[in-house]
2 protein chains.
Amino acid sequence: MTSSSYHHGNLREALVGAAVDAARVGGPDGVALRELARTVGVSHSAAYRHFSHRDELLAAVAARGMAELVDAMQQRVDAVERVPTSDDVLRSRRRLIAVGQGYVAFALSEPGLFRCAFAAKDVALTAATDDPLVEPAANPYGLLSETLDGLVDVGFLSPEAREGAEMTCWAVVHGFAALHLDGPLGAVDVAARDETLEHVLAAIDRSYAASSGTPIRPEDDIFARG
Amino acid sequence: MTSSSYHHGNLREALVGAAVDAARVGGPDGVALRELARTVGVSHSAAYRHFSHRDELLAAVAARGMAELVDAMQQRVDAVERVPTSDDVLRSRRRLIAVGQGYVAFALSEPGLFRCAFAAKDVALTAATDDPLVEPAANPYGLLSETLDGLVDVGFLSPEAREGAEMTCWAVVHGFAALHLDGPLGAVDVAARDETLEHVLAAIDRSYAASSGTPIRPEDDIFARG
DNA sequence: GATCGATGTTGACACCGTCTACTTCGAGGA
DNA sequence: TCCTCGAAGTAGACGGTGTCAACATCGATC
């Protein structure tokens, strides 16, 4: 709070903030300790009073990225909640679609942060959760899990097919994002990409409908566009 | 061929070979030009006579990785071919499962090379295909595409659901691999992982069955284990 | 047999992460 | 009130990296 120029005051948070900014631009490789120290106005190696090595800082960035990812997904789900429907099954199906769309949308709009969120070494788990800006239970898996439980509750997803369903959904959206981010699909234009994603999500929807024998009415629009 | 010690003779291929070895162990980050030069017995910066920068060498490694990936997938498909069946539909379904299993198995058994195959900057396409060890048409997409065409031919996959099917399949296996490689699922043991993969692939199979209204006989074993 | 371009070398530059030894400063006890 | 002691920041070094420019070598070609 004072004008003491020798001791920064809250260097740790300043570093994490600067690291997140750098990660947004350049991904994990864009995070350089010495450069961060420069932008924060502190000597190199000052970071070592707060992080034992670079990976520990990256883990903190990863936690932030995860939190933002969950936020993006949650917002999509909330948007579904605001669309009036008396059809519980349809609403639950839309929730799952929204979760997937939110995941991919975040990955493609914040590629650097998304890469960080999954590039972190396993140092993460303990150290990074001290971040006050990251609430503990915020992870994509939990949100997805709840959504799938909802699908079982309304009878759209059979209990047998429920097994392994998290993995199917997670894998398909994560793979979709990764292939467009790093893979050979980076040059695909946005419109085509979005259309393909709808095909992909529709396939999952169809699979779960089949699991319970629920017929799908083609007139039901399960996609939240925009 | 001669004993000339000044000129290496086939430095380019030697470098790519050493780079592939290094990538197997340490992934893209494990490939260091200076270290490669040392192991090949040549001065640093000699590599710059054959690659304009590091990414170009990494692209060559990526091409090798892709080729090995396709090989692994093809071998699995070939194994399906050797199992006698009069049921064309079942055989086609097994082929698709095999493609997916091959993809994941390679990713998890050669994580470094797999990461390289997808970490390459877009420099790749032109420069890397000069590699004599990489046949041009070898890419996972083509193999997958043929397999899906086969599913349409036997009437298991509807033409409408065929659209975007490559992406669904590719995304699900790629995401599965990526999550176990870098993501938070790295610590999952092998048995659980394989079982989950079967659930995931079964969901895809179910989706495609539903697309054509083909009933699934539970007694049909679509998985090639081992 | 001389030449010339492809290939390899040497040395430099600017980065990077990490370690050790030193300095500063503020909080808390005498 | 003063003093100490530990937390936080600094300075400098080491070895590693990619990349570039200037120089050396050697074999094919005229």
Side-chain angles (χ1 to χ4, degrees), chain A residues 1-19 21-23 25-62 112 115-116 119-121 123-124 127 130, chain B residues 1-19 21-23 25-62 112 115-116 119-121 123-124 127 130:
Chain A
M1 212 58 101
T2 89
S3 60
S4 155
S5 70
Y6 192 92
H7 284 106
H8 182 285
N10 58 348
L11 179 56
R12 186 194 164 97
E13 293 183 24
L15 281 173
V16 174
D21 291 345
V25 177
D29 294 344
V31 178
L33 288 185
R34 297 179 97 112
E35 190 183 3
L36 294 181
R38 246 175 275 132
T39 71
V40 170
V42 96
S43 83
H44 71 267
S45 88
Y48 286 87
R49 297 295 154 196
H50 302 272
F51 304 94
S52 63
H53 39 246
R54 178 171 171 272
D55 284 348
E56 207 169 296
L57 174 56
L58 277 182
V61 176
R115 281 196 195 93
C116 276
K121 312 291 177 285
V123 192
D130 304 346
Chain B
M1 215 52 103
T2 89
S3 60
S4 154
S5 70
Y6 191 91
H7 286 105
H8 182 285
N10 58 349
L11 179 55
R12 187 194 163 96
E13 293 182 24
L15 282 173
V16 174
D21 291 346
V25 177
D29 295 345
V31 177
L33 288 185
R34 297 179 98 113
E35 189 183 3
L36 294 181
R38 245 174 277 133
T39 70
V40 169
V42 97
S43 82
H44 69 266
S45 87
Y48 285 88
R49 297 296 155 196
H50 303 271
F51 303 94
S52 62
H53 38 245
R54 180 171 170 272
D55 283 349
E56 207 169 294
L57 174 56
L58 278 182
V61 176
R115 281 196 194 94
C116 276
K121 311 291 176 286
V123 192
D130 304 347

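Just so you know, these numbers come straight off a predicted model, no measurement behind them. Throughout, protein chains are lettered first and strands after them, A, B, ... in sequence-line order, and every chain is numbered starting at 1.
Side-chain atoms of A/Leu33 and A/Phe51, non-hydrogen and from C-beta on, never get closer than 4.5 Å to each other. By the 4.5 Å heavy-atom criterion applied to side chains, A/Leu11 and A/His50 are counted as neighbours. B/Asp21 places none of its side-chain heavy atoms less than 4.5 Å from the side chain of B/Thr39.
Considering only the side chain of A/Ser45, D/dT10 comes nearest among D/dT10, C/dA12, C/dG8. For B/Ala46, whose side chain is taken as the heavy atoms from C-beta onward, the closest listed nucleotide among D/dT19, C/dT9, D/dT10 is C/dT9.
Smallest separation of non-hydrogen atoms from B/Ala18 and B/Val40: CB-CG2, 4.0 Å. A pairwise comparison of heavy atoms in B/Leu15 and B/Ala37 identifies CD2-N, 4.5 Å as the closest pair. Considering every non-hydrogen atom in both B/Gly27 and B/Cys116, the closest pair reads C-SG, 3.9 Å. When all heavy atoms of A/Gly30 and A/Ala22 are compared, the pair lying nearest together is O-CB, 3.6 Å.
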Show the distances under 3.5 angstrom between N or O atoms of the protein and N or O atoms of nucleotides 16-18 of chain D.
| residue | atom | partner | partner atom | Å |
| --- | --- | --- | --- | --- |
| D/dT17 | OP2 | B/Arg38 | NH2 | 2.6 |
| D/dG18 | OP1 | B/Leu33 | N | 2.7 |
| D/dG18 | OP2 | B/Leu33 | N | 3.2 |
| D/dG18 | OP2 | B/Arg34 | N | 3.1 |
| D/dG18 | N7 | B/Arg34 | NH1 | 2.6 |
| D/dG18 | O6 | B/Arg34 | NH1 | 2.7 |

Contact list (N/O, under 3.5 angstrom) for nucleotides 4-8 of chain D vs protein:
| residue | atom | partner | partner atom | Å |
| --- | --- | --- | --- | --- |
| D/dA8 | N3 | A/His7 | NE2 | 3.3 |

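Atom C1' of nucleotide C/dT18 and atom CD of A/Glu56 are separated by 14 Å, given to the nearest angstrom. For the pair B/Phe51 CZ and C/dT7 C1', the computed distance is 14 Å after rounding to whole Å. Regarding A/Leu36, its CG atom lies at a distance of 12 Å from the P atom of C/dT18, rounded to whole Å. If you measure from atom NE2 of A/His44 to atom P of C/dC19, you get 13 Å, rounded to the nearest angstrom.
Every residue meeting the side chain to side chain contact (heavy atoms under 4.5 Å, CB included) condition with A/His44, not counting sequence neighbours, appears here in chain and number order: A/Arg34.
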